[in-house]
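Ligands are counted one by one from 1 in listed order, and the atoms in each one are counted from 1 as well.
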Amino acid sequence: MIILGIETSCDDTGAAVVQNGREILSNVVSSQDRFHRRFSGVVPEIASRKHLESVHFTVLEALDEAGVAPREIDAIAVTNRPGLIGSLLVGISAAKGYAYSWKKPLIPVNHLAGHLYAPGLTAEVSWPLIGLVVSGGHTLLVIAHSPMDLEIVGSTIDDAVGEVYDKIAKHFGLGYPGGPVLDRLAVEGDSAAYAFPRTYLQDNDRHRYNFSFSGIKTAVIHQRHQFLRKPGVGSDDRLPDIAASFQAAAVDVLLAKTAQLVKDTGITRVAVSGGVAANSYLRARFGEQDGFEVYLPEPRFCTDNAAMIAGVAASSDQVLDYRAALGLEAYSRVVERVRGDAVLPPAAGNRGEV
Ligand code: KG4
Ligand code: ZN
């Protein structure tokens, strides 16, 4: 089964051809970073316009690289939720056009299911598993009962962790996206130089699996002097120390909440995905703990891509005939089940603000 995947939920235009959910015949990502850089965050209007310019060429390139003709494709998969609504609409409109003109079925895909499937592109993964999605738009704890059946149990109640990386980098004038820059800087830094706050929220109540990163962000940006623990280590403007200490605080919380969900559910497999899962410090910390088995996608499959969309679509039973496909809608928020008091992610689209 050969699936063409299309991903346009945020600021990367992706197209990929994947066979049987595992064999990646092509995976093309057209990055818009340079258009958003001077705003230090994703500008939704620019994102949708750039998707419009590049989606067709990205799809053609993916088909060409895979050496696959449209008639050889069995289905088209497209991200239809959650994400920036204008960006999603460009992807689903393109996908509908291909489905209709090539008479191919269309499979709608939840972007988060794609992220959690990403480790499965290159390794054997079995379900159910716990999913931790850490990206610019999301920080979520999920029980993935199967690849397409997700139950959201926790979320950030303010900033997503990737967003905090980007805003810290913006504040220190380090460019966009901030994650990779802080990742590199932190390698030279002392993670014990600053005791930035760890925000666990209250345990055993509605925030058991929820996150909050805005306090850590504020401490790192505005109050770092107060948290300087080792004055002898360096000046309070030593960016590598700030970066390393920030990461230590953020990852401590991510690890603790994930371990709590593992303990509560007895599910000992954990997939960590999303752009921040490319972070070298996070990968090392999750890799060295021994309370659960960790699946980490290759870094290129952590950030947004269409291979994960085409891959997970092979497990979907929601296959729309090309005529029914024309009625497919996009949703800016998740429409999957959300357990009890889990707080829904904040609306996407506010990432450029501080
Ligand atoms: O999954 P993604 O490509 O797009 C969203 O769905 O948001 O994630 C992008 C986010 C950005 O905030 C970026 O700064 C962060 O992932 N990121 C990283 C790293 N690479 C990307 N954060 C920390 N360390 C990295 N190496
Ligand atoms: Zn994403």
Side-chain angles (χ1 to χ4, degrees), residues 5 7-14 27 29-33 36-37 39-44 47 51 79-84 87-88 91 109-118 131-140 142 156 159-172 174-187 189 213 217 243-244 246-251 254 271-286 296-309 312 332-334 345-354:
E7 156 63 43
T8 65
S9 67
C10 189
D11 63 335
D12 290 311
T13 316
N27 181 37
V29 180
S30 166
S31 167
Q32 302 181 357
D33 281 355
H36 299 286
R37 192 160 282 144
F39 305 101
S40 302
V42 177
V43 181
H51 283 309
T79 304
N80 78 325
R81 65 194 190 276
L84 301 174
S87 294
L88 288 166
V109 173
N110 172 357
H111 183 74
L112 306 171
H115 271 307
L116 293 180
Y117 183 83
L132 174 66
V133 182
V134 276
S135 71
H138 298 285
T139 308
L140 289 172
V142 174
T156 178
D159 292 3
V161 65
E163 189 182 354
V164 173
Y165 269 96
D166 294 337
K167 286 177 179 171
I168 291 173
K170 176 183 179 182
H171 184 85
F172 290 114
L174 298 171
Y176 175 85
V181 186
L182 291 174
D183 188 351
R184 280 192 298 275
L185 272 175
V187 173
F213 289 106
K217 176 187 74 178
F246 155 64
Q247 296 199 140
V251 173
L254 291 171
V272 189
S273 193
V276 183
N279 183 268
S280 55
Y281 175 78
L282 178 147
R283 297 174 79 87
R285 288 285 305 279
F286 271 81
L296 283 159
E298 283 180 18
R300 69 194 167 114
F301 297 128
C302 289
T303 43
D304 288 348
N305 66 86
M308 67 187 191
I309 303 303
V312 76
S332 62
R333 289 175 178 242
V334 274
N350 56 357
R351 291 176 45 195
E353 305 152 12
V354 171

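In this structure, F39 has its ring center no closer than 6.0 Å to that of Y176.
Between T139 and V161, the closest heavy-atom pair is OG1-N, 2.9 Å. Contact between V43 and H36 at its shortest, heavy atoms only, is N-ND1, 3.0 Å. The shortest heavy-atom contact between D33 and P177 is OD2-CD, 3.5 Å. Q247 and N279 get closest at one heavy-atom pair: OE1-ND2, 2.7 Å.
Where the criterion is an N or O separation shorter than 3.5 Å, residue side chain and backbone included, N279 meets it with respect to ligand 1. Any N or O atom pair closer than 3.5 Å counts here, and D183 shares at least one such pair with ligand 1. For the pair G162 and ligand 1, the shortest N or O to N or O distance falls below 3.5 Å. Ligand 1 has a nitrogen or oxygen under 3.5 angstrom from a nitrogen or oxygen of D166.
Taking every non-hydrogen atom of A278 and a distance limit under 4.0 Å, the qualifying atoms of ligand 1 come out as 26 (N). If you number the atoms of ligand 1 from 1 as listed, the ones under 4.0 Å from a heavy atom of G137 come out as 7 (O). Remark: ligand 1 atoms within the under-4.0 Å shell around heavy atoms of T303 are 3 (O). The ligand atoms of ligand 1 that sit less than 4.0 angstrom from a heavy atom of H115 are 1 (O).
In the candidate list G14, G136, P180, G136 is nearest to atom 10 (C) of ligand 1, counting heavy atoms.
Listing protein N, O or S atoms at distances below 2.8 Å from the Zn ion (ligand 2), with waters left out, gives H111 NE2, H115 NE2, D304 OD1.
Judged purely by distance below 3.5 Å, without hydrogens or angles, the side chains of E7 and S9 pair a donor atom with an acceptor atom. A donor-acceptor pair shorter than 3.5 Å can be found between the side chains of H111 and D304. Side-chain atoms of T8 and H51 include no donor-acceptor pair closer than 3.5 Å.
With a heavy-atom cut-off of 4.0 Å, H138 does not touch ligand 1 at all. Contacts with ligand 1 closer than 4.0 Å are made by heavy atoms of both the backbone and the side chain of D304.
The main-chain N or O of S332 is never found under 3.5 Å from a side-chain atom of R81 such that the two would form a donor-acceptor pair.
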